[in-house]
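Sharing a structure, written as structure tokens. Questions coming.
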Amino acid sequence: MHFYHERWPVLYEDNHLMVLYKPAGLIMQRDHKNKANLLDLAKWWIKTRHNKPGNAFAGMVQRLDGPVAGVVVVARTSKGASRLSAQIRAGTVKKRYLAVVEGRPHHEGGRIENELVRHGRYSRIAMPSDSKGQHASLTYRRIASRRETSLLEIDLETGRRHQIRVQLSDIGCPIVGDVAYGAAQALAHGRIGLLARRIEFDHPTRQARMRFEAPLPEGWPWPDKQGHRMRPLWTLEEFEADGLVLPKPLDACRQGKA
């Protein structure tokens, strides 16, 4: 099952949720520029796939930064959205990322804890004088290194804005392409070497633990030893160059009630 393109996988779908791959360059929800976004696309896809006569519901329960690719869960009902969001607040949703970073961390793995504060559109490590710092923690493990880069596996413990990007930069290992947080140079289309690799949660309406993993996209800055043939493309721009035509206008399928 695919999402608008034969190389854009839908990893799972039922009456309450869907799990799919988000390419880098696609934002999660509509902004002031009315750009293509995952929620509008999901509503339109649900509406057309299931021949829904009215509005389709697609609720956001997690966020991925625009430059980040990977696995995303979208709620198909308000009940699903509420219960999944409650799990995220309770810390029972497990998220794992892969990051290709510049350099090599001083330790093979460990736990990083900081206080973070918002700084305009970005975040930074809180100074002692900051009174609004939010606790941020993650664990990481170095999987491999090459000449100038390393591959890290990251388990996210909290979900602060740009948390992984800030904390890896703070230990001297900015994510490849992430010039906003200290990388040496940008990558094409503004993408960065961060992938939401895996997500694990309880199904919102039945007793089942669900776990889904995103495939490594084609062009990802670390070799895929498994060599999958139909890997998804890394960026939205690459999908469009490969013939993807997104539905317009996207606001033809606005938020409905579920």
Side-chain angles (χ1 to χ4, degrees), residues 1-78 80-81 84 97 121 177-178 180 186-197 199 212-221 228-258:
M1 185 164 50
H2 308 291
F3 192 76
Y4 292 110
H5 189 282
E6 64 177 2
R7 297 180 67 180
W8 191 340
V10 175
L11 303 173
Y12 178 81
E13 185 193 15
D14 65 22
N15 291 336
H16 289 280
L17 60 93
M18 62 186 297
V19 184
L20 63 150
Y21 170 82
K22 184 188 90 68
L26 181 66
I27 60 177
M28 290 293 297
Q29 62 183 342
R30 191 177 307 180
D31 64 3
H32 66 282
K33 297 180 181 178
N34 203 32
K35 295 191 296 186
N37 64 89
L38 188 69
L39 282 189
D40 277 351
L41 291 174
K43 294 170 193 175
W44 185 264
W45 187 86
I46 293 166
K47 180 179 175 68
T48 54
R49 174 175 169 78
H50 298 286
N51 297 313
K52 293 179 70 69
N55 293 328
F57 180 95
M60 185 170 67
V61 296
Q62 63 169 131
R63 293 179 181 271
L64 281 186
D65 295 343
V68 179
V71 62
V72 172
V73 180
V74 174
R76 286 197 53 198
T77 63
S78 56
L84 288 168
Y97 289 75
R121 294 171 51 200
D178 196 3
L187 298 177
H189 309 303
R191 57 191 168 187
I192 64 175
L194 183 61
L195 179 75
R197 178 63 158 168
I199 190 165
F212 301 96
E213 188 169 284
L216 295 180
E218 183 176 306
W220 174 248
H228 296 297
R229 289 185 178 180
M230 291 297 288
R231 296 162 62 188
L233 301 176
W234 190 1
T235 70
L236 182 62
E237 291 82 2
E238 289 166 326
F239 275 109
E240 291 172 332
D242 198 49
L244 171 68
V245 178
L246 297 176
K248 296 180 179 180
L250 293 177
D251 60 357
C253 187
R254 296 186 174 180
Q255 186 81 15
K257 295 181 179 180

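In what follows, residues are counted from 1 in the order of the sequence shown.
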Check against side chain to side chain contact (heavy atoms under 4.5 Å, CB included), Trp220 and Leu195: CA-CA 9 Å; Trp220 174 248; Leu195 179 75; 3.5 Å; yes
Heavy-atom donor-acceptor pair, Lys47 side chain to Asn55 backbone, under 3.5 Å: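 No; zero donor-acceptor contacts below 3.5 Å.
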Phe212 and Tyr12 aromatic ring geometry - parallel, tilted or perpendicular at 30°/60° bounds: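 It falls in the tilted class, 30° to 60°.
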Distance, nearest 0.5 Å, that separates CE of Met28 from CG of Leu41: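 Here the interatomic distance stands at 11.0 Å.
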Glu13 and Leu20, any side-chain heavy atoms less than 4.5 Å apart: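 Heavy-atom side-chain distance check fails, nothing below 4.5 Å.
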Leu233 versus Phe239, closest heavy-atom pair with distance: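 In terms of heavy atoms, the two residues are closest at O-CE1, 3.4 Å.
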NZ/NE/NH1/NH2 to OD/OE distance under 4.0 Å, Glu238 and Arg7: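 No.
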pair Arg49-Met1: side-chain heavy atoms closer than 4.5 Å: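 They are in side-chain contact.
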Shortest non-hydrogen contact from Ala214 toward Ala196: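 Shortest heavy-atom separation between Ala214 and Ala196 comes out as CB-O, 3.7 Å.
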Whether Asp65 side chain and Val68 backbone form a donor-acceptor pair below 3.5 Å: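 It does not hold such a pair.
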Heavy-atom side-chain contact between Arg231 and Leu216 under 4.5 Å: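 Arg231 reaches Leu216 side chain to side chain.
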Residues His5 and Glu240: side-chain donor-acceptor under 3.5 angstrom: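 Not at all, the side chains of His5 and Glu240 share no donor-acceptor pair under 3.5 Å.
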Heavy-atom side-chain contact between Asp178 and Leu194 under 4.5 Å: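 Side chain of Asp178 against side chain of Leu194, heavy atoms only: no contact under 4.5 Å found.
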Approximate separation, where rounding is to 0.5 Å, of Leu17 CG and Thr77 OG1: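 With rounding to 0.5 Å, CG (Leu17) is 8.0 Å from OG1 (Thr77).
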Tyr21 side-chain N/O to Phe3 backbone N/O, donor-acceptor pair under 3.5 Å: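 Absent.
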Smallest separation among heavy atoms of Val73 and Gln62, with atom names: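 Shortest heavy-atom separation between Val73 and Gln62 comes out as N-OE1, 2.6 Å.
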Any donor-acceptor N or O pair under 3.5 Å, side chains Thr235, His189: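 The criterion, which ignores hydrogens and geometry beyond distance, is not satisfied for His189 and Thr235.
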CD1-CG distance between Ile199 and Leu11, expressed to the nearest 0.5 angstrom: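 Those atoms lie 11.0 Å apart.
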Trp44 and Asp40, any side-chain heavy atoms less than 4.5 Å apart: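 Not touching, per the 4.5 Å side-chain cut-off.
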Trace of the side chain to side chain contact (heavy atoms under 4.5 Å, CB included) decision for Lys35 with Ile27: CA-CA 8 Å; Lys35 295 191 296 186; Ile27 60 177; 4.1 Å; yes
Close side-chain approach of Tyr97 and Leu64, heavy atoms under 4.5 Å: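 Yes, at least one pair of side-chain atoms sits under 4.5 Å.
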Lys43 to Ala58 - nearest heavy-atom pair and separation: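 What the structure gives for the nearest pair is CG-CB, 3.5 Å.
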Atom of Arg191, atom of Ala24 and distance for their closest heavy-atom approach: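 Distance-wise, the nearest heavy atoms are CB-CB, 4.1 Å.
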Student check: side-chain heavy atoms of Pro247 and Trp45 closer than 4.5 Å: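 No - every pair of side-chain heavy atoms lies 4.5 Å or more apart.
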Separation between CG of Asn37 and NZ of Lys22, rounded to the nearest 0.5 Å: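 Going from CG on Asn37 over to NZ on Lys22, the span is 10.5 Å.
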Smallest separation among heavy atoms of Trp234 and Ile192, with atom names: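 Taking every non-hydrogen atom into account, CZ2-O, 3.4 Å.
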Interatomic distance, Asp242 atom CG to Trp8 atom CH2 [nearest 0.5 angstrom]: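 The distance works out to 12.5 Å.
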Worked check of side chain to side chain contact (heavy atoms under 4.5 Å, CB included) between Ile46 and Lys52: CA-CA 8 Å; Ile46 293 166; Lys52 293 179 70 69; 3.8 Å; yes
Side chains of Pro232 and Pro23 in contact at under 4.5 Å (non-hydrogen atoms):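 SC-SC contact between Pro232 and Pro23 ruled out.
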